Amino acid sequence: MFANPSFHGRPLQFLPTVRNELCRSYAFPLQLHSTTYQFFASSTLENRRNRSRRRNSTQFSLRASVDPQEVYVLPPDSAGVPGSPSPFSVRIPVGDRHITVETGLIGRQASGAVTIRDGETIIYTTVCLADVPSEPADFFPLSVHYQERFSAAGRTSGGFFKREGRTKDHEVLICRLIDRPLRPTMPKGFYYETQLLSWVLSYDGVHPPDALSVTAAGIAMALSQVPNSQVIAGVRIGLIGDKFILNPTIKEMENSTLDLLLAGTKDAILMIEGYCDFLPEDKLLEAVEVGQDAVRGICKEVEALVQKCGKPKMFDAIRLPPTELYKLVEEIAGSELVEVLQIKNKIPRRKALSSLEENVISILSEKGYISTMEAFVSTETMPDLLEEEDEDEEVVVDGEVDEGDIHIKPVARKSVPLLFSEVDVKLVFKEVTSKFLRKQIVDKGKRSDGRSPQEIRLIDARCGLLPRAHGSALFTRGETQSLAVVTLGDKQMAQKIDNLVDEDEYKRFYLQYSFPPSCVGEVGRVGAPSRREVGHGTLAERALQPILPPEDDFPYTVRVESTITESNGSSSMASVCGGCLALQDAGVPVKCSIAGIAMGMVLDTKEFGGDGTPLILSDILGSEDASGDMDFKVAGNDVGITAFQMDIKVGGITLPIMKQALLQAKDGRKHILAEMSKCSPPPSRELSKYAPLIHVMKVKPEKINLIIGAGGKKVKSIIEETGVEAIETQDDGVVKITAKDLLSLEKSKAIISNLTMVPTVGDIYKNCEIKSVAPYGVFVEIVPGREGLCHISELSANWLAKAEDAFKVGDRLDVKLIEINDKGQLRLSRRALLPDAETEKQSTKPRSASLSNDNVVSPKTSDKGKPKKAATVSKESENPLKEKTVPVNVSSPAKEAAKRSVSP
């Protein structure tokens, strides 16, 4: 333990370097990556003790070599929970209700913790920081994790594992909603890993938790020690009729034509994302204005809360590269950088920039500006450390002897070259590259590929590339390319959603986006979709959703796969364009064509010789996305917008800037739609011969059980007999038959029609097969799957002792429907169709008990008792008829009988 550092028994003065600016007021080890501490000892001789104040300081520069985990300076308030602030809550008005924010009760050991409540929906969010900083990088080390606990709604997971595990796609999307508005407010040079955790602890099924989670994250971050610049809040805006609704309920969103989630500060907008049904640009701007006013009110209330309960910000932990390094990099690479940024193709430009960066590092190393040590003396404080410590110390003149008889020869102060880390050089090179790119666009009006700010890259589209796929399209825009494939199926192909909000919901349309490393010419991880892939896929999916036909008109489940085969900016919008063409190629009757475009911006043009007006860029490249101030994706047609997503990388933008970007995006969409119409080969607009056939029937709801049968036996037998893929039944009487070919579809359709038909007394059925014989009569299949009883008294005009004496299974006969009882059982008659039926009705002869007297009519027999006797037999045969299950064969007579059946 190096807790009490000393030199020759004397205490050392402890001072962290100023350049790294990583000193914290607590929990700080001696060695933090490239951080170096300086120790000073005032070494004076014994014979100088009672002499003049003039002295010579001996200076020592040491680096701590102890384990960084061993020495900490504890914070003054680290005694434990008793020193924590008391709970404090505030109610903030939002729309027609209030949200309640509370801190200091739960999560008191976190740097920032807050619970926020809307109705009975409660979100708990915490922010924590690492004790030591990470290696410098060009991004803020922030990780966001959001989880919806099923216990919040009194449920448990529907899967085998009852504990929440892998983050669901729905939760990933909310993580992105939280992350994106936070990053622009974080200062450069803060490298402490920050983790934000958010849980839904209670959900009432009325107030959605996503917008609430964004606000909770902004408040927790504001209360923590993270040195972010402003308070962030988020709201959702719905549109019902002409009225905008703030934070609408789940029920209100069902009738809303707009789903907009907005996050920002009290001064500007940081992030918007939403989906709508061809909403005009002006209406969208009105919604954004309503949301910005609400966010402004929330932020003002939160600022008062932060002043009362917030922790001191770690502004002293911000570490920035020295300003001298920017000048050196510009001097070395300036002229070459201008030429490299004019290379039109992405890969050659990237390789040239990488080579130039290595050249800059090599030159600086040769000149001694780059230190190879793990930790080196700070470049910003090096001159100061060479000076004497006391302000009033005197300098010994050359040749002068002090009172201690010690001759001191002053040493001339040597110029020490500045030392930089290689990481700092790379960071500065990237910032200088970004600066030169922005300057080139503003000053010369030309981008890296030679386009003007409003110009769209060359577009090429073609359909039908994959012969066995149900639909396919290849959309290319510049160096960005998407291969979209459509697959059609029945409900079994639908995507089940098991989350807190959408309980047991099935998606009949979904788009899956993949971004393999090969699309940018790199080697990387291949596996489960990343958060970026999930977010981009959802954006493209929601953009295409409004153009799909309703399920009643097109009963298919539709899956779209978008594989990015090349990428140089705006791959999600290429997925929208390619997906639209692939849907048309698959024969999906879409309402119209839509396209997507990504917009960029250079906000401060005055810095680069402009007039100060923000410069909006259409169809941005990857480098313009990285170096620009905005990434605004807009999808729709020339009438309105279906989806949009905006991320800001600066302090925020205002409504006039957004309006300019939306209008410029509309012009870009019109151009892209015109190019898509020139697709060659064009989409087929017909169902592929390899796509399944789906037929939708409507029967009476009470007839559904006849199709299903006991334990599903009937429907299984129909599938097995006809060869169809699936038969789906619904409680409202809708029946969907999925088959690979038309023949099997027609067979199953005929069987189900006959099973569910409503027969009419008096209908005649010809050439019907006897399925079984009983002593009291025979069971006749009038149509496939539908049988009736022909009583022995109705089999012949003459008297029969036993039915099996005259008929056997497989015989065919014509019958007439003469009665339907209350249970739906059918009573048939063959005798009614015999030529002598009318004569027989008038006869009063008794029946003979002998088969040899079959043609003899007994005068003792009365026809009046026959219907009563038949009705009695029908009751006795109730169980056999109910339990009977027979194979179904489709025959032409059955088809004729089906045509005569009465539709419900």
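In this text the structure is predicted, and so the values were computed from the model without any measurement.
Ion pair Glu533/Arg531 not flagged as a salt bridge, since none of the NZ, NE, NH1 or NH2 atoms sits closer than 4.0 Å to an Asp/Glu carboxylate oxygen. At a threshold of 4.0 Å, the pair Lys666-Asp638 does not count as salt-bridged, since none of the basic side-chain nitrogens sits closer than that to a carboxylate oxygen. Ionic pairing of Arg669 and Glu675 is not present here: no N-O contact between side-chain nitrogen and carboxylate oxygen is shorter than 4.0 angstrom. Ion pairing between a basic and an acidic side chain is recognised when a charged N comes within 4.0 Å of a carboxylate O; Glu541 and Lys507 show such pairing. The pair Arg180-Asp647 counts as a salt bridge, with a side-chain nitrogen and a carboxylate oxygen less than 4.0 angstrom apart. Under a 4.0 Å N-O distance rule, the pair Glu551/Lys736 qualifies as a salt bridge.
Residues Phe554 and Leu548 have side chains not in contact (no heavy-atom distance under 4.5 Å, counting atoms from C-beta outward). Residues Leu581 and Leu474 form no side-chain contact, since every pair of their non-hydrogen atoms from C-beta on lies 4.5 Å or further apart. Using a 4.5 Å heavy-atom cutoff, the side chains of Asp169 and Thr538 are not in contact. Side chains of Val724 and Thr738 form no contact here, defined as non-hydrogen atoms less than 4.5 Å apart. At least one side-chain heavy atom of Ile594 sits less than 4.5 Å from a side-chain heavy atom of Cys592. For the pair Leu488/Val588, a side-chain contact is recorded, criterion being any heavy-atom separation below 4.5 Å from C-beta on. Side chains of Phe475 and Cys580 form no contact here, defined as non-hydrogen atoms less than 4.5 Å apart.
Among the candidates Ser575, Ser482, Ser514, Cys519, the single residue satisfying the side-chain contact (heavy atoms from CB on, under 4.5 Å) test with Thr563 is Ser514. Exactly one residue among Tyr513, Tyr275, Phe644 makes a side-chain contact (heavy atoms from CB on, under 4.5 Å) with Leu539. That residue is Tyr275.
The environment of Asp553 atom CG is dense: over 12 non-hydrogen atoms of other residues, nucleotides or ligands sit within 6.0 angstrom. Applying the 6.0 Å contact sphere to CD of Glu686 captures no more than 12 heavy atoms from other residues, nucleotides or ligands.
Between the side chains of Thr565 and Gln481, at least one donor-acceptor pair of N or O atoms lies under 3.5 Å. Between the side chains of Ser593 and Gln584, at least one donor N or O lies within less than 3.5 Å of an accepting N or O. In this structure, a donor-acceptor pair under 3.5 Å is absent between the side chains of Asn568 and Thr480. Side-chain contact annotation: Ser744 with Asp741, donor-acceptor N/O pair under 3.5 Å present. One side chain, His170 or Glu148, offers a donor N or O that lies under 3.5 Å from an acceptor on the other. Side chains of Glu273 and Gln645: a donor on one and an acceptor on the other come within 3.5 Å. Counting only N and O atoms by type, the side chains of Ser570 and Arg477 include a donor and acceptor under 3.5 Å apart.
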Exercise for the section: Could you go through the salt bridge (Lys or Arg N to Asp or Glu O under 4.0 Å) check for Lys283 and Glu281 one step at a time? Expected result: CA-CA 5 Å; Lys283 206 68 176 177; Glu281 283 77 5; over 6 Å; no
Exercise for the section: List the steps, then state whether side chain to side chain donor-acceptor pair (under 3.5 Å) holds for Asp277 with Thr257. Expected result: CA-CA 6 Å; Asp277 192 4; Thr257 57; over 6 Å; no
